[in-house]
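The block underneath contains the structure these notes are about, expressed in structure tokens.
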Amino acid sequence: MNASEKTPYYITTAISYPNGLPHIGHAYEVIATDAMARFKRLDGYDVRFLTGTDEHGQKMQQTADKEDMDVRVLTDRNTEYFKDLQPALNISLDRFIRTTDEDHIEAAQAIWKRMDEAGDIYLDTYTGWYSVRDEAYYAEEETEVADDGIRYSRETGTPVDWTEEETFFFRLSAYRDRLLAHYEENPEFIGPAQRRNEVASFVRGELRDLSISRTTFDWGVPVPGHPDHVMYVWVDALTNYLTGAGFPETESESYKTYWPADLHVIGKDIARFHAVYWPAFLMSASLPLPKRVYAHGFLFNKGEKMSKSVGNVVDPVALVNTYGLDQFRFFLLREVPFGQDGSYSHDGIVGRMNADLANDLGNLAQRSLSMVAKNCDGKVPEPSSLDDADEELLAKSQALLAKCRSDFEVQDFHRALESIWTVIGETNRYFSAQQPWVLRKTDPERMNAVLYSTLEVLRVASILVQPVMPDSGAKLLTLLGQDDGGAGDDADGGDDGGARDFAALGTRIVPGTDLPKPTPVFPRYEEPGA
RNA sequence: GGCGGUGUAGCUCAGUUGGUUAGAGCGCACGACUCAUAAUCGUGAGGUCGCGGGAUCGAGCCCCGCCACCGCUACCA
């Protein structure tokens, strides 16, 4: 099947602000998005997966000033860290986009022009109480005059001055009703549901027009026709999703194929930008809206927020080195419901990697495959007949695809994995109850049926586990004699997997298939010095 | 303050339109087995379902009140 016959699926992460080093939050988002992208590829979609960096804005400029370096040098340097993270996490991206890329600058200016031509942009004066130290404007009620007669921000206690700045405004207020109607008619537009309620209630209040340009610094995309203004970073940043699809070339094959995006995966802190401003910009520009925005939760270190001052900031690559990449990926997606906050800890990760991976799945593979190696001449045994227990087990494994599809469709990764592990658990119970090591002496035909059924469940589980654990799934499938796609296999995610993609799930493992010598796939984590 | 959500076994959570002894995973205790990565399987302990009222033959599920915790409440990203 070539790309043009497949249904397109365009998925993005938020782009990262490379103001510092990547942390576990960046890893979490991109790993989850990668699992989603891989799932869709294995399910036969023509996937385009975009991630990258958001490099403009005052913060970057200030960080560069502080380090006494050119902002371009800084952003080039830091962006490399984010780029390097992708292969380290086995991310199957199609493009790493930077908002400093030339085509993106063009795209940002193009959407600006469209919004302008729609009559939604006007020049006005932004006034408010500005805190130089916080680099932020505050509303009157967010400030108070202290005993010394000076006005301060209530929240941060920094002095504020009355400031007026000429900026361009976007007529956001005009889109209130259309946004509400869109949420109403497309309940899947924002997930999880709780986030949708928050966003809708925000919009239901009064929407004020948005200041979308700045003149106090110049590290940004110049406003067309007004080189003294740079675009507010969110206009620039959000547009990356369009750039990644080929905008402004709206007649290009790429744009026509991939826009509108199917899913923007973001953190819950930026839900409003993606679920309010972004659709409003697109409506103004007469461009189709993305189908869904999903706001995931945050990860905490043993329940505590990561912070430099507490000193519990964790480098994701260090975790990968300690526990293994697939183990880390599995932990993130199995342990924490994606839409909720969660926490990670050494004990939590070790628990998952030993109990779920080494003991449940890894050991099931090892115990069954080593029996096959010793008693079935290293070939998938031929079952002369399958009894009710066998068929019941196989039926449960066959039901998993539909369950995983519906769970992935709404980013309930942990539920999909949970249901796979329920079947793995049942298979371990089945294996123990059937006692093939006894049948070996008493009823070899029956032993063959039990081993065959077990390998078949393992095959199904291995295929389904690939989006989350690409390498381990592949290893298991090799142990099960399931070839990869060979020459047609593309580099980015096991497309055209032949026996390894979801289209193969319904075709039972073939008796007589030669199997390699079994080796453990998931090592146990042993405490050093224990 | 306003709007929304949550509160069920030691921990993380399921509990459909109210109906017999409230469930799962992990952890713990005991036992079994030996194919397997000291893995697996079985059994068990443990809950006044946040608190107090109410309508019902009957409520973890419905109504009222209270308490606790969490999220959102616009221009740093």
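Throughout, a chain's letter reflects where its sequence line sits, starting with A, and its residues are numbered from 1.
Atom pair A:Ile424:CD1 and B:C41:C1' shows a separation of 17 Å (rounding to whole Å applied). Taking atom CG of residue A:Leu451 and atom P of nucleotide B:A36, one finds them 12 Å apart after rounding to whole Å. Distance CD (A:Gln434) to C1' (B:U34): 17 Å, rounded to an integer number of Å. Regarding A:Asn428, its CG atom lies at a distance of 17 Å from the P atom of B:U34, rounded to whole Å. In this structure, CE of A:Met371 is placed 13 Å from P of B:U37, rounded to the nearest angstrom. Residue A:Phe331 contributes atom CZ, which lies 16 Å from atom P of B:C26 at whole-angstrom precision. Rounded to whole angstrom, the span from the CD atom of A:Glu55 across to the C1' atom of B:C76 amounts to 17 Å. Atom CE in A:Met353 sits about 11 Å away from atom C1' in B:U37, given to the nearest Å.
For the pair A:Asn359 and B:U40, the criterion of a side-chain N or O lying under 4.0 Å from OP1 or OP2 is met. Between A:Lys268 and B:C72, a side-chain N or O to OP1/OP2 separation shorter than 4.0 Å is absent.
The side chain of A:Arg524 lies closest to B:U37 when the candidates are B:A74, B:C75, B:U37. Set against B:A36, B:A74, B:C13, the side chain of A:Phe202 has B:A74 as its closest nucleotide. Among the nucleotides B:C41, B:C75, B:G4, the one closest to the side chain of A:Arg214 is B:C75. Checked against B:U40, B:U37, B:C72, the side chain of A:Arg272 finds its nearest nucleotide in B:C72. Minimum atom distance to the side chain of A:Leu207 is reached by B:A74, of the listed B:C35, B:C13, B:A74. Listed candidates were B:A74, B:C35, B:C72. Nearest to the side chain of A:Arg208 is B:A74. With distances taken from any side-chain atom of A:Ala358 to the nucleotides B:A74, B:C76, B:U37, the minimum falls on B:U37. Residue A:Gln366 places its side chain closer to B:U37 than to any other of B:U40, B:C75, B:U37.
Atom name C1', nucleotides B:G7 and B:U48: the rounded distance is 16 Å, in whole Å. Comparing B:G42 with B:C33, their P atoms sit 15 Å apart, to the nearest whole Å. Between B:G53 and B:G47, the two P atoms lie 22 Å apart (nearest whole Å). Between the C1' atoms of B:G58 and B:C3, the separation comes to 35 Å (whole Å). With both ends at atom P, the span from B:C28 to B:U20 equals 33 Å, rounded to whole Å. Annotation: B:G60 and B:G50 have their C1' atoms spaced 12 Å apart (nearest Å). The C1' atoms of B:U43 and B:C11 are separated by 22 Å, rounded to the nearest whole Å. The C1' atoms of B:U56 and B:G18 are separated by 10 Å, rounded to the nearest whole Å.
Scanning both residues, A:Ser213 and A:Trp112, for their nearest heavy atoms gives CB-CH2, 4.1 Å. Of all heavy-atom pairs between A:Glu382 and A:Asn448, the closest is O-CB, 3.6 Å.
Within the nucleic acid shown, A:Ser211 comes within 4.0 Å of at least one base atom, counting heavy atoms only. Using a 4.0 Å heavy-atom cutoff across all strands shown, A:Gln61 reaches no nucleic acid atom at all. When heavy atoms are screened at a 4.0 angstrom cut-off, A:Ala355 is found touching no nucleic acid atom at all. Residue A:Ile270 is out of contact with every strand shown, counting any heavy-atom pair closer than 4.0 Å. When heavy atoms are screened at a 4.0 angstrom cut-off, A:Tyr17 is found touching the sugar-phosphate backbone but no base atom. Using a 4.0 Å heavy-atom cutoff across all strands shown, A:Gly57 reaches no nucleic acid atom at all. As judged by a 4.0 angstrom heavy-atom cut-off over every strand, A:Tyr232 is placed among residues touching the sugar-phosphate backbone only. Within the nucleic acid shown, A:Val438 has no heavy atom closer than 4.0 Å to any nucleic acid atom. Looking at heavy-atom distances under 4.0 Å, A:Asn19 makes no contact with the nucleic acid at all. Across all strands, A:Arg195 comes closer than 4.0 Å only to sugar-phosphate atoms, never to a base (heavy-atom distances). The residue A:Trp421 sits apart from the nucleic acid: no heavy atom pair falls under 4.0 Å. Counting any heavy atom pair closer than 4.0 Å across all strands shown, A:Asp269 reaches a base atom.
Remark: of the listed residues A:Phe298, A:Phe413, A:Phe408, A:Phe413 is the sole one forming a ring-ring contact (aromatic ring centres under 6.0 Å, His included) with A:Phe338.
A:Ile266 places a side-chain heavy atom less than 4.5 Å from the side chain of A:Val293. Taking 4.5 Å as the limit, every side-chain heavy atom of A:Ile24 sits out of range of all side-chain heavy atoms of A:Phe300.
Classification of the A:His229-A:His226 ring pair by plane angle, with boundaries at 30° and 60°, yields perpendicular. Using cut-offs of 30° and 60° for the angle between ring planes, the A:His274 and A:Tyr241 rings count as tilted.
Electrostatic pairing of A:Arg98 and A:Asp76 counts as a salt bridge here, judged by a charged N lying under 4.0 Å from a carboxylate O. Salt bridge A:Lys268/A:Glu198: absent, no basic N to carboxylate O contact under 4.0 Å. With salt bridges taken as basic N to acidic carboxylate O contacts below 4.0 Å, one links A:Arg415 and A:Asp412.
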With both pairing distances under 3.5 angstrom for Watson-Crick or G-U wobble, and | for a partner in another strand, the correct string for RNA chain B is (((((((..((((.....[...)))).(((((.......))))).....(((((..]....))))))))))))....
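If you check distances only, the side chain of A:Asn363 does reach the base of B:A36 with a donor-acceptor pair under 3.5 Å.
Taking the six-membered ring wherever Trp is involved, the centroid distance between the rings of A:Tyr525 and A:His346 falls below 6.0 Å.
Projected onto RNA chain B by closest heavy-atom contact, A:Ser201 and A:Asp54 fall at different nucleotides, the more 5' of which corresponds to A:Ser201. Residue-to-nucleotide proximity on RNA chain B shows that, of A:Ser370 and A:Ser432, the 5′-proximal contact is made by A:Ser370.
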